[in-house]
Amino acid sequence: ICDIFAASQGEMFEGVESQLIQSPRPFCAGLEVNHHYSFSQEDIVSLEISFDVESISQNQADQITFSVGEEVVQSFTMNHAHNFTLSGPEFDFSFVPSEDSLREGYAFTVTPVTACQAFSRQSDITFTTLEPQHIESPHPYCDGMEVSQHFKFEADNIVRLDISCEAVLADDGDIVEISGGDTSWTRSSANEVFRFSVDGSEFDLQFTSDQTGVAHGFNLFVNPVTVCDVFVGSEGAVFDTADSQVIESPHPYCGNHVARQQYMFSQ
C-alpha cells in the first residue's frame, strides 16, 4: 500500500469541497512521498491547510514541505498543529520520514477558497492614499454571496466621498446598499448607472444576492474629495454686505493646487 501511494503523482480535485489527504496507516519507514495536488475550478484563489495532530500522531523527526511553483512556502517537522494558507489552486507536497519503524504517517485537510469567499471575508478595508479607488466584486460572483464591508480613507482632510456605481451588473433582486454620514443609497436594479456622495471619509457597503443565478456583482469607483479640492473648485463668492470678510485657504494647504477665484460685493 505504501509503495502504491508513494508512486502516485498526486491528485486533481473537482469542485470546492474540502479534501482529506492522508498517508496509509501504518506508514512504511523510510518511504518518501512527492505529490502534486490541484483543484480544477478556475475561481479558486487560495487553499487553507490544516493539520490535526490529535487524530493523527506525528513523529517530530518527519519532514514535511509545501511548495507553490519553485517557492517553498512551508517546511517543518510535525510536533504541533500547523494551519496556514497557500496562494493559488495547486501545490507540491513532500514527506520525508525519519528512520523509525512503522508509525501513523500524516494527515491534513485542504479547503479551497474561491474569489467570492475571499472577497466576502474582507470586513474592514482602509486606504492610505488619496487616489481614487476601484472596488468590485469577483466576476462572476457566487450565488448567495453576502457582503458586509466598511471602507475608510485614513487622510484627515477628506470632506466627502464621490461614489460612482458604473453598473450594478446584477440580476434584478440583488441588493446593493451604501451608507455613510447622513446618506443611505440602495439599488436592486440591473445595469444602471448611479452617482452620489457621502459626507466624511468612510462608508459601509452591503450586498445580498437573491440566489436566482450567477451574475456580475457590483462595480464602484470612489473618489475622495479634500478640503483643498473644495476650495480650489470654488469660483469665489458674492458678498451682500459691507462687513469685512476673511478669505483663507485650507490649513494645512495641499500641494499642486491652483485656485482662481473671483470675489465681489453686491452692495
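Between the side chain of Ser120 and the main chain of Gln117, no donor-acceptor pair closer than 3.5 Å is present. Formation of a donor-acceptor pair under 3.5 Å by the Ser67 side chain with backbone atoms of Glu70 is not found in this model. Judged by distance alone, the side chain of Thr129 and the main-chain N or O of Glu131 form a donor-acceptor pair under 3.5 Å. In this structure, the side chain of Gln206 does not engage the main chain of Ile178 through any donor-acceptor pair within 3.5 Å.
Expressed to the nearest 0.5 Å, how far OG1 of Thr126 lies from CG of Asp124 amounts to 7.0 Å. Atoms CD and CD, from Gln41 and Glu17 in turn, are 10.0 Å apart once rounded to the nearest 0.5 Å. With rounding to the nearest 0.5 Å, the separation of CD in Glu14 from OG in Ser40 is 4.5 Å. A distance of 10.0 Å separates CG in Asn223 from OG in Ser164, rounded to the nearest 0.5 Å. The structure places CG of Asn157 at 6.0 Å from CG of Leu130, a figure rounded to the nearest 0.5 Å. Interatomic distance, CD of Gln149 versus CD1 of Ile135, reported as 8.0 Å (0.5 Å rounding).
For the residue pair Gln245/Asp243, the side-chain donor-acceptor check at 3.5 Å is not satisfied. Neither side chain, Thr114 nor Asp43, offers a donor N or O lying under 3.5 Å from an acceptor on the other. His150 and Ser123 share no side-chain donor-acceptor pair at under 3.5 Å. No side-chain N or O of Ser179 forms a donor-acceptor pair with one of Ser184 less than 3.5 Å apart.
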Q: Kindly determine whether Thr208 and Glu177 satisfy side chain to side chain contact (heavy atoms under 4.5 Å, CB included), including the steps that lead there.
A: CA-CA 9 Å; Thr208 304; Glu177 180 178 358; over 6 Å; no
**Q.** Check against side chain to side chain contact (heavy atoms under 4.5 Å, CB included), Tyr106 and Val33
**A.** CA-CA 11 Å; Tyr106 62 84; Val33 174; 3.7 Å; yes
Q: Dump the intermediate steps for side chain to side chain contact (heavy atoms under 4.5 Å, CB included) on Gln267 and Asp240, then the final yes or no.
A: CA-CA 6 Å; Gln267 186 165 322; Asp240 58 2; over 6 Å; no
Q.
Could you walk me through whether Ser75 and Gln63 satisfy the side chain to side chain donor-acceptor pair (under 3.5 Å) test, starting with their C-alpha distance in whole Å, then the side-chain angles of each, then the deciding distance to 0.1 Å, before giving a yes or no?
A. CA-CA 7 Å; Ser75 185; Gln63 185 71 35; 2.8 Å; yes
(Q) Checking Leu161 against Val225 for the side chain to side chain contact (heavy atoms under 4.5 Å, CB included) test, could you report, in this order, the C-alpha distance in whole Å, the side-chain angles of both residues, the deciding distance, and whether it holds? (A) CA-CA 6 Å; Leu161 300 174; Val225 180; over 6 Å; no
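Side-chain contact between Ser234 and Gln261: present, with at least one pair of heavy atoms (C-beta onward) separated by less than 4.5 Å. In this structure, the side chains of Ser23 and Phe5 come closer than 4.5 Å at one or more pairs of heavy atoms. No side-chain heavy atom of Asp92 sits under 4.5 Å from any side-chain heavy atom of Asn34. Contact of the Phe203 side chain with the Val222 side chain is registered, since non-hydrogen atoms from C-beta on lie closer than 4.5 Å. Counting only heavy atoms from C-beta outward, the side chains of Leu205 and Leu220 approach each other to under 4.5 Å. The closest side-chain heavy-atom distance from Gln133 to Phe153 is below 4.5 Å. Counting heavy atoms from C-beta on, the side chains of Leu47 and Val113 never come closer than 4.5 Å. Side-chain contact check for Ser38 versus Phe13: every heavy-atom pair is 4.5 Å or farther apart.
The residue from Thr85, Thr109, Asn83 that alone fulfils the side-chain hydrogen bond (donor to acceptor under 3.5 Å, both in side chains) condition with Ser50 is Asn83. With respect to Phe108, the ring-ring contact (aromatic ring centres under 6.0 Å, His included) criterion is satisfied by exactly one of Phe76, Phe66, Phe84, Phe95: Phe66.
Residue Ser87 comes nearest to Val68 through the heavy atom pair O-CG1, 3.9 Å, listed as atom of the first residue, atom of the second, then distance. Across Ala115 and Pro138, no two heavy atoms sit closer than the pair O-CG, 3.4 Å. The two residues Leu20 and Ala107 have their closest heavy-atom pair at CD1-CB, 4.5 Å. Counting all heavy atoms, side chain and backbone alike, Asp162 lies closest to Ser197 at OD1-OG, 2.5 Å. Closest approach of Ala259 to Phe231, counting heavy atoms only: CB-CE2, 4.0 Å. In this structure, Pro112 and Phe39 approach most closely via the heavy-atom pair CG-CE2, 3.7 Å.
By the rule that hydrophobic residues join a cluster once side-chain heavy atoms approach within less than 4.5 Å of another member, Tyr263 and Phe265 end up as members of one cluster. Neither Val45 nor Ile49 shares a network with the other; the hydrophobic side chains, linked directly or stepwise wherever heavy atoms of I, L, V, M, F, W or Y lie under 4.5 Å apart, form separate groups for each. Ile125 and Val198 fall within the same hydrophobic cluster, defined by Ile, Leu, Val, Met, Phe, Trp and Tyr side-chain heavy atoms under 4.5 Å apart, directly or through other members.
Using a 4.0 Å cut-off between charged side-chain N and carboxylate O, Arg121 and Glu48 make a salt bridge.
A ring-centre distance under 6.0 Å is not found for His36 and Phe93.
For Ile4, the CD1 atom sits in a loose shell: 12 or fewer heavy atoms of surrounding residues, nucleotides or ligands are nearer than 6.0 Å.
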